[in-house]
K.L.:
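Below is the structure I would like to discuss, written out as structure tokens.
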2 protein chains.
Amino acid sequence: MSQAPVVKALRRADAQRNYDLILVAARAAIAERGAHIVLEDVARDAGVGIGTLYRHFPTRQDLLEEAFLEETLLLRDRAEALVDSPEAWEALVAWLRLQMEFASRGRSLGASVMAAKHVEGSDLQVAYSAMRDAGDILLHRAQASGDVKDDVDMIDVLRLVYGIVMACEQAPEPDRITRMFELVIAGIRA
Amino acid sequence: MSQAPVVKALRRADAQRNYDLILVAARAAIAERGAHIVLEDVARDAGVGIGTLYRHFPTRQDLLEEAFLEETLLLRDRAEALVDSPEAWEALVAWLRLQMEFASRGRSLGASVMAAKHVEGSDLQVAYSAMRDAGDILLHRAQASGDVKDDVDMIDVLRLVYGIVMACEQAPEPDRITRMFELVIAGIRA
DNA sequence: ACCTGAACACCGTTCAAGT
DNA sequence: ACCTGAACACCGTTCAAGT
């Protein structure tokens, strides 16, 4: 539906290229080694000096937030697409399952970034709010149809999903994760 | 009920004293600063050299596991005490709430230690198994009385509880944690 | 304006010397 | 048998010099 309204800061073409290379390397490192990414390795993989990484991402948090920005926008789009689905309950569950799959991909690092209090006004905070607003529509539809308890809060549900990923990182058993997810789904059911 | 059958390794009295001092300092550091304990600080607070800490706890994991051993034994005792309760469902919920409170105290570090795959045959692994066995009795009672779904697994439930603590560490709001806990409880209800 | 990497700081870990 | 802390290694972060 709506396209990503992320304001890209104006950068020289070569700087923009380095910026993107760093993000690609960071995402690869996160997918491979989880939360223990070594910034110097990320810079090396990206083919830039460590100073360049720091110039673009002054804090570790800045890098992590940007690394997860894209998939946050994607999850918002997915929620918006599911609004047209005739089955309110199934649409909500499908979206929550997507949340879990995305979080799993980024290991518990993705989950912790999503669960974290984001810097006020940061790109990720804006994107996360937009994503949650889109998810809220799915939730409210499922509440209106009587499928979900009225007092369920989307933030709580998302955190439960992220919590599953975090608690299972040391020994990720797909069957167990599925069962835990279903317990959460059962918990919000009216 | 049963007293802790932990086999204490034989140590010289002064070594035992250092061992205990290190654990006390480690627990204090964990309660204060969460997962980011600095081993050198722990050694200094304990009044021993860093080498002594490493002599007693060769790996970081060894120290963490020992730090949470005591409360694991306590949680086992609490489960055993609750077996006599006439209310099967209430007893189970009370015990799970205790789990969450204990995990909260140790921040997400405690939760992650509990959710982790423990070293085979370690003191913590043995204690964790005993604790879970005791909790299983509470769970099975609540299943026998028809309060809890038959296919619910204790490991899943404990991980969900630990997941709540982990996902909420960055911004621990007691009300939210309570609501999330109640969603999990609703999820296991028959 | 941006990039680089040497330099510094911090902390984890080991080990030779001491009791 | 145990303790100590200096020494080393690793990685995060800064900044002076260069393009």
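Sequence lines set the chain letters: A, B, ... in the order given, protein chains first and strands last, and positions in each chain run from 1.
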K.L.:
What side-chain donor-acceptor pairs closer than 3.5 Å can you find for residues 41-51 of chain B, not counting sequence neighbours?
P.N.:
| unit_1 | atom_1 | unit_2 | atom_2 | d |
| --- | --- | --- | --- | --- |
| B/D41 | OD1 | B/R44 | NH2 | 3.0 |

K.L.:
What side chain to side chain donor-acceptor pair (under 3.5 Å) pairs are there with at least one residue in residues 179-190 of chain B, not counting sequence neighbours?
P.N.:
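Passing the test, one end in residues 179-190 of chain B: A/D156-B/R179, B/D147-B/R189.
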
K.L.:
Please check if the side chain of A/R141 supplies one atom and the backbone of A/S85 the other of a donor-acceptor pair under 3.5 Å.
P.N.:
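Yes: the side chain of A/R141 pairs with the backbone of A/S85.
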
K.L.:
Rounded to the Å, how far apart are B/D20 CG and D/dC3 P?
P.N.:
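From B/D20 CG to D/dC3 P: 12 Å.
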
K.L.:
Tell me every residue that passes side chain to side chain contact (heavy atoms under 4.5 Å, CB included) with B/R27, counting only those two or more places apart in sequence or in another chain.
P.N.:
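Expected list: B/L23, B/A67, B/E70.
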
K.L.:
Represent DNA chain C in dot-bracket notation, 5' to 3'. Only Watson-Crick or G-U wobble pairs with both distances under 3.5 Å count; pseudoknot-style crossings use [ ] and interstrand partners use |.
P.N.:
||.|||||...|||||.||

K.L.:
What is the distance from CD of A/Q16 to C1' of C/dC2, rounded to the nearest Å?
P.N.:
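For the pair A/Q16 CD and C/dC2 C1', the rounded distance is 13 Å.
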
K.L.:
Who passes side-chain hydrogen bond (donor to acceptor under 3.5 Å, both in side chains) against B/Q170, sequence neighbours left out?
P.N.:
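B/Q170 satisfies side-chain hydrogen bond (donor to acceptor under 3.5 Å, both in side chains) with no other residue.
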
K.L.:
Generate the contact string for nucleotides 12-19 of chain D. Rules: B means base contact, S means sugar-phosphate contact only, - means no protein heavy atom under 4.0 Å.
P.N.:
BBBB----

K.L.:
Donor-acceptor pair, distance only, cut-off 3.5 Å: does the side chain of A/E65 make one with the backbone of A/D123?
P.N.:
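A pair under 3.5 Å: no.
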
K.L.:
Could you tell me which residues satisfy side chain to side chain contact (heavy atoms under 4.5 Å, CB included) with A/D136, sequence neighbours excluded, listed by chain and number?
P.N.:
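Applying side chain to side chain contact (heavy atoms under 4.5 Å, CB included) to A/D136 gives A/R132, A/D133, A/L139, A/H140, A/M154.
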
K.L.:
What is the separation between atom CZ on B/R44 and atom P on D/dT4, rounded to the nearest whole Å?
P.N.:
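Result: 14 Å.
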
K.L.:
In whole Å, I'd like the distance from the OH atom of B/Y19 to the P atom of D/dA1.
P.N.:
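These atoms are roughly 18 Å apart.
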
K.L.:
Does a side-chain N or O of A/N18 approach OP1 or OP2 of C/dC2 to a distance below 4.0 Å, or not?
P.N.:
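Result: no.
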
K.L.:
Suppose we screen for salt bridge (charged side-chain N to carboxylate O under 4.0 Å, His left out). Which residues come up paired with B/D175, at least two apart in sequence or across chains?
P.N.:
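Partners of B/D175 by the salt bridge (charged side-chain N to carboxylate O under 4.0 Å, His left out) criterion come out as none, since no residue qualifies.
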
K.L.:
For A/V24, check side chain to side chain contact (heavy atoms under 4.5 Å, CB included) against everything at least two apart and list the hits.
P.N.:
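In terms of side chain to side chain contact (heavy atoms under 4.5 Å, CB included), with neighbours along the sequence ignored, A/V24 is linked to no residue.
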
K.L.:
Looking at A/H56, I'd like to know whether one of its side-chain N or O atoms comes within less than 4.0 Å of OP1 or OP2 on C/dC3.
P.N.:
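So the side-chain polar atoms of A/H56 do come within 4.0 Å of the phosphate oxygens OP1 or OP2 of C/dC3, strictly under.
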
K.L.:
Can you pull out the residues from residues 23-34 of chain A that lie within a 4.0 Å heavy-atom distance of DNA chain D?
P.N.:
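Within residues 23-34 of chain A, no residue comes under 4.0 Å of DNA chain D.
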
K.L.:
According to the side chain to side chain donor-acceptor pair (under 3.5 Å) rule, which pairs have a member within residues 87-102 of chain A, sequence neighbours left out?
P.N.:
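Passing the test, one end in residues 87-102 of chain A: A/Q99-A/Y162.
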
K.L.:
Once side-chain hydrogen bond (donor to acceptor under 3.5 Å, both in side chains) is applied, do any residues pair with A/T178, and if so which ones, sequence neighbours excluded?
P.N.:
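Expected list: none.
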
K.L.:
A/R55 has an atom CZ; how far is it from atom C1' of C/dA1, in whole Å?
P.N.:
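Taking atom C1' of C/dA1 as the reference, CZ of A/R55 is at 6 Å.
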
K.L.:
Side chain of A/T52 only, please: which of D/dT4, D/dC2, C/dC3 is the nearest?
P.N.:
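Among the listed nucleotides, the one closest to the side chain of A/T52 is C/dC3.
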
